[in-house]
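As C-alpha cells, the structure follows; a few thoughts come after it.
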2 protein chains.
Amino acid sequence: MAVKRPTMADIARRAGVSKVAVSYALNDQPGVSEATRASIKNIAEELGWRPNSAARALTGGRAQAVGLVVRRPARTLGVEPFFMEFISGVETVLAERSYALMLQMVADQAQEVEVCRRWWGERRVDGVFLMDLQTDDARVEALRDTGLPAVAIGPPEVAGGLPAIWSDDGESVHEIVRYLAALGHRRIARVAGPAAFAHTAVRDAALAEACREAGIPEATVVHTDYTGDAGARAARALLIAPARPTALVFDNDIMAVAALSVAQELGLSIPADVSVVAWDESPLTQVVRPMLSAVTRDIPGYGATAATALLALIGGEDVGDVREGYAHFVPRGSTAPPPPDPAPR
Amino acid sequence: MAVKRPTMADIARRAGVSKVAVSYALNDQPGVSEATRASIKNIAEELGWRPNSAARALTGGRAQAVGLVVRRPARTLGVEPFFMEFISGVETVLAERSYALMLQMVADQAQEVEVCRRWWGERRVDGVFLMDLQTDDARVEALRDTGLPAVAIGPPEVAGGLPAIWSDDGESVHEIVRYLAALGHRRIARVAGPAAFAHTAVRDAALAEACREAGIPEATVVHTDYTGDAGARAARALLIAPARPTALVFDNDIMAVAALSVAQELGLSIPADVSVVAWDESPLTQVVRPMLSAVTRDIPGYGATAATALLALIGGEDVGDVREGYAHFVPRGSTAPPPPDPAPR
DNA sequence: CTGAAAGCGCTTACAG
DNA sequence: CTGAAAGCGCTTACAG
C-alpha cells in the first residue's frame with residue numbers, strides 16, 4: 001500500500017543531475033546531451049517511473065482524459081451492442097495518445113449536463129462526447145459558455161455548431177424502403193426509438209420521403225423506448241390491425257427479436273407473412289431464426305472517428321462535421337416478398 | 001474555449017481573505033468563523049468554483065477515481081447485459097463519493113496488467129476492480145508488489161488474498177440440478193464459458209457434485225467463448241449425439257437463445273424434447289419464445305457491493321471477502337419434464 | 001480564529 | 001548544454 005512511487009527528483013538524485021534536466025530528457029526536449037538523456041531514461045525505466053498525471057495536469061492544463069456520459073437505462077444499454085462497440089472504437093484512438101476515458105451513467109439530461117460541468121470544472125476531462133443527441137438538445141446550449149470541448153454524436157442540424165460526427169441514417173432508410181418496395185411491399189411500418197432522439201427524427205423524415213419516392217403509402221411509425229417489451233407491444237398492435245403491414249422495420253435489434261416471438265404468438269410466419277428488418281446487425285440478430293435482415297455499420301469505426309475529432313478539437317484544431325460511411329442493408333432470412341393481397345387475417 | 005475557470009485565489013480576492021481561509025471554509029475545516037465561511041461559500045457558488053482535481057490529487061495523494069479494465073471482445077460484451085449492469089451499480093456508489101470511473105478495454109491479460117500499472121504509476125486511480133478472475137490469475141501476483149488497492153470480482157480461492165467479491169455460483173448450480181432432477185431429467189449437459197475463468201471452474205465442480213447428490217449421471221460440460229456461435233455449435237453437437245441430453249444449461253443468455261434456433265433446426269421442441277436453462281436472466285431471455293428459465297441475480301447490487309468494498313480498501317479499512325446473495329433459479333417456459341426414455345431420435 | 005510558508009510533482013521561461 | 005526559480009491550485013502544518 002505504502003509503496004513509494006518514484007518521482008523525477010528520485011531520478012535526478014540517482015543520475016546526479018537537476019530535476020529540470022530529467023524533465024527535458026524524459027520529454028525529449030532539447031537541453032540535455034544525448035548521453036545524459038539516455039542515462040536518465042534508463043534510470044527512469046529501472047525505477048519504473050511514470051509521470052504523475054495530477055502534476056502534469058496541473059502544469060500543462062490538460063487532464064489527458066475525455067468523458068462519456070450515458071443516459072440510457074443500464075438494462076437497455078447492456079443488450080444493445082452499440083455502446084460497447086462504440087466505446088471500444090473510441091478507446092483504440094485514446095490508447096494511442098495515452099488518453100483515458102471517464103464513464104458515467106445518469107438518469108436524465110440535467111444530470112448529464114451537471115456531470116459534464118463538474119468534470120470540466122474539476123479539470124478531470126479535456127472534452128466530452130455528447131451521445132444520443134436530441135432534436136432540441138439542452139446540453140448543447142448548457143455547455144456552450146463553459147468552453148468544454150465537445151463533439152456531438154448525431155446529425156449536424158441539431159449539433160448547434162458543435163462538430164457533428166454522424167452516419168447518414170436517412171440514406172439507409174431509403175435503401176431499406178427501396179429493397180422492400182422492390183420485393184413488392186406496400187404497407188411498411190416502423191417501430192422506432194424515442195421520438196426525442198435526433199437520429200430517430202432523421203429516420204422518421206427519411207422514411208416518409210422514401211415511401212413517396214417508392215410510390216407506396218406512407219409508413220406507419222410507432223415510437224418506443226427501445227426495450228424488447230415496448231417493441232413487442234408495438235409489433236403486436238401493428239400485426240393485429242385491419243390492414244396489417246407486410247413489413248416491419250425496427251430501430252434496434254432486441255425489438256426485432258421480440259417481434260419474432262410476437263409473430264409466433266399470432267401464428268404468423270416470418271418472412272412468408274411478414275418481413276422483419278433490424279437496425280444494426282449484431283450477434284443477436286444472427287443467432288435467431290430466421291436470421292434478421294439488418295442494417296450494418298462499422299460501429300467501432302464510428303467511435304474511432306468521434307475520438308479522433310474530439311482529440312483534434314482539444315488540440316485546438318478546426319474540426320468540422322464528419323460523416324461516417326453509410327450503414328448498409330444486409331438481407332438475411334427475415335425478408336421476402338409479401339403474401340398475396342389482401343393479407344390473410 | 002479559453003474561459004478561465006475560477007480558483008481559490010479568485011474567491012479569496014473577492015472575499016478579501018487569504019487562500020487558506022478559503023480552503024478551510026470550503027472544506028468545512030475549523031479555522032474560519034461561520035459568517036466568513038458562509039460568505040466564502042456563497043462567492044464560490046456564484047463564481048461556479050470547483051476544486052481542481054489535479055491540484056487535489058497532487059496534495060491529497062488521491063486521484064478520486066477507480067479503474068476497470070475489461071478484457072472481453074466488445075461484441076460479446078455488448079450482448080451480455082452483465083457488464084453494463086455491473087458498472088451501473090458501481091457508479092451509484094462512486095457518484096455518492098464523487099469518485100470517477102476510468103474504463104479501458106484491452107485484448108489480453110498482459111495489457112490488463114500494464115494498464116493497471118500505468119494508471120497507478122500515473123496516479124490516475126486509487127484502486128481497481130479485477131474482473132473475470134481466472135483460476136490462476138497472473139494479475140493478482142503482478143499487482144501485488146505495486147501496492148495498488150484492488151478487489152477481485154470472483155471466488156476467494158483464486159483472489160490470492162485480495163478481497164473477493166463473489167456470488168456463490170455453486171449454490172445456484174445445485175438449485176438448477178435439483179430442479180431438473182425433480183422434473184425427471186437424468187441426462188444434463190452444460191454449455192459453459194471459458195474454462196480459464198474462475199467462476200466457470202466453480203460451476204464445473206458444483207455441477208459434478210450436484211449430479212452425484214441427485215443420483216444422476218455426471219453432466220457433460222462443453223467450454224466455449226461465450227459467443228452465440230460457439231453456443232450454437234456446442235448445442236448442436238450435444239443434441240445430435242446418440243444419447244442426447246434432455247436438459248441443457250447455458251452459462252450466459254446469448255448462447256441459450258442460440259440453442260433455441262438449433263433446436264428448431266433439428267426439429268426438436270423446447271421444452272417438450274429438451275429443456276433449456278440460461279444463466280443470468282436478461283431482457284433477452286424474456287423476449288424469446290419460450291421465455292427462458294434462468295438464474296437471476298441482482299447485478300447492479302453486485303457492482304455496488306464491489307465499489308463499496310474498493311472504496312473501503314482505499315480508505316485503509318480492513319476489507320474481507322464479501323459474498324453476494326445467491327442467484328435464484330426462475331423457471332419460465334423453457335423447462336419441463338423430459339420426454340419418455342429412450343429419447344426419440 | 002487568522003495569516004504567511006512550504007510542499008505535492010511536474011513544466012516552462014530565464015539566466016549562466 | 002546546464003542550473004536555479006517560479007508557478008500550476010490546492011492542502012497541511014505552523015506561527016501569531
Side-chain angles (χ1 to χ4, degrees), chain A residues 2-41 43-44 47-65 98 118-124 126, chain B residues 2-41 43-44 47-65 98 118-124 126:
Chain A
V3 181
K4 177 83 167 67
R5 277 159 289 179
T7 70
M8 282 193 171
D10 298 323
I11 299 174
R13 207 171 307 121
R14 270 279 277 274
V17 299
S18 72
K19 285 160 39 179
V20 183
V22 174
S23 174
Y24 289 155
L26 261 17
N27 291 310
D28 288 319
Q29 302 270 11
V32 287
S33 68
E34 277 317 308
T36 320
R37 186 188 305 278
S39 127
I40 287 174
K41 282 190 169 180
I43 295 173
L47 259 41
W49 176 86
R50 315 265 181 161
N52 180 316
S53 64
R56 278 226 167 134
L58 199 52
T59 29
R62 287 280 166 76
Q64 296 277 114
S98 293
R118 185 164 54 74
W119 276 349
W120 179 235
E122 295 179 356
R123 286 198 165 281
R124 275 183 181 277
D126 298 326
Chain B
V3 180
K4 176 85 166 69
R5 278 160 289 178
T7 70
M8 282 193 172
D10 298 323
I11 299 175
R13 208 172 306 120
R14 270 279 276 275
V17 299
S18 73
K19 283 161 39 180
V20 182
V22 173
S23 174
Y24 288 155
L26 261 18
N27 291 310
D28 288 320
Q29 302 271 10
V32 286
S33 68
E34 277 318 308
T36 320
R37 188 188 304 278
S39 126
I40 287 174
K41 282 189 168 180
I43 294 175
L47 259 40
W49 175 86
R50 313 264 182 161
N52 179 317
S53 65
R56 279 227 166 136
L58 199 52
T59 29
R62 287 282 167 75
Q64 296 277 114
S98 295
R118 186 163 53 74
W119 276 349
W120 179 235
E122 295 179 357
R123 285 197 166 280
R124 276 183 181 277
D126 298 325

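Letters A, B, ... are given to chains in the order of the sequence lines, protein chains preceding strands, and every chain is numbered from 1.
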All side-chain hydrogen bond (donor to acceptor under 3.5 Å, both in side chains) counterparts of [X], not counting sequence neighbours:
X: B:S39; result: none
X: B:Q64; result: none
X: B:S33; result: B:T36

Rounded interatomic separation in angstrom, taking [atom1] from [X] and [atom2] from [N]:
X: B:L58; N: D:dG9; atom1: CG; atom2: P; value: 12 Å
X: A:E34; N: D:dT2; atom1: CD; atom2: C1'; value: 15 Å
X: A:N52; N: D:dC10; atom1: CG; atom2: C1'; value: 14 Å
X: A:R13; N: D:dG3; atom1: CZ; atom2: C1'; value: 17 Å
X: B:D10; N: D:dG9; atom1: CG; atom2: P; value: 8 Å
X: B:R37; N: C:dC1; atom1: CZ; atom2: C1'; value: 11 Å
X: B:Q64; N: C:dC8; atom1: CD; atom2: C1'; value: 16 Å
X: B:D28; N: D:dC10; atom1: CG; atom2: C1'; value: 16 Å

### Sequence neighbours excluded - salt bridge (charged side-chain N to carboxylate O under 4.0 Å, His left out) pairs with any residue from residues 10-27 of chain A
A:D10-A:R13, A:R14-A:E46
## Note on the structure
Sorted by position of nearest nucleotide on DNA chain C, 5' first, the leading residue of B:V17 and A:P6 is B:V17
### Message
Please classify the nucleic acid contact of B:R50 as base, sugar-phosphate, or nothing, using heavy-atom distances under 4.0 Å.
### Response
sugar-phosphate
### Summary
Note, DNA chain C 5' to 3' with Watson-Crick or G-U pairs under 3.5 Å encoded as ( ), [ ], | and . gives |||.||||||||.|||
### Task
Could I get the full list of side chain to side chain contact (heavy atoms under 4.5 Å, CB included) partners for A:A65, not counting sequence neighbours?
A:A100, A:M102, B:R124
### Query
Nucleotide by nucleotide, 5' to 3', does protein get under 4.0 Å of the base (B), only the sugar-phosphate (S), or neither (-) in nucleotides 11-16 of chain D, counting heavy atoms?
BBB---
#### Entry: A:Y24 versus A:V32, closest heavy-atom pair with distance
CB-CG1, 4.3 Å
### Which nucleotide in C:dT2, D:dG9, C:dG9 has an atom nearest any side-chain atom of A:T7
C:dG9
### Message
With side-chain hydrogen bond (donor to acceptor under 3.5 Å, both in side chains) as the rule and sequence neighbours excluded, what pairs involving residues 50-59 of chain A come up?
### Response
A:N27-A:R56, A:R50-B:E114
### Task
Measure the shortest side-chain to side-chain distance between B:R37 and B:D28 over non-hydrogen atoms and say whether it is less than 4.5 angstrom.
yes
### Task
Could you pull out all residues at least two apart from A:R62 that satisfy salt bridge (Lys or Arg N to Asp or Glu O under 4.0 Å)?
none
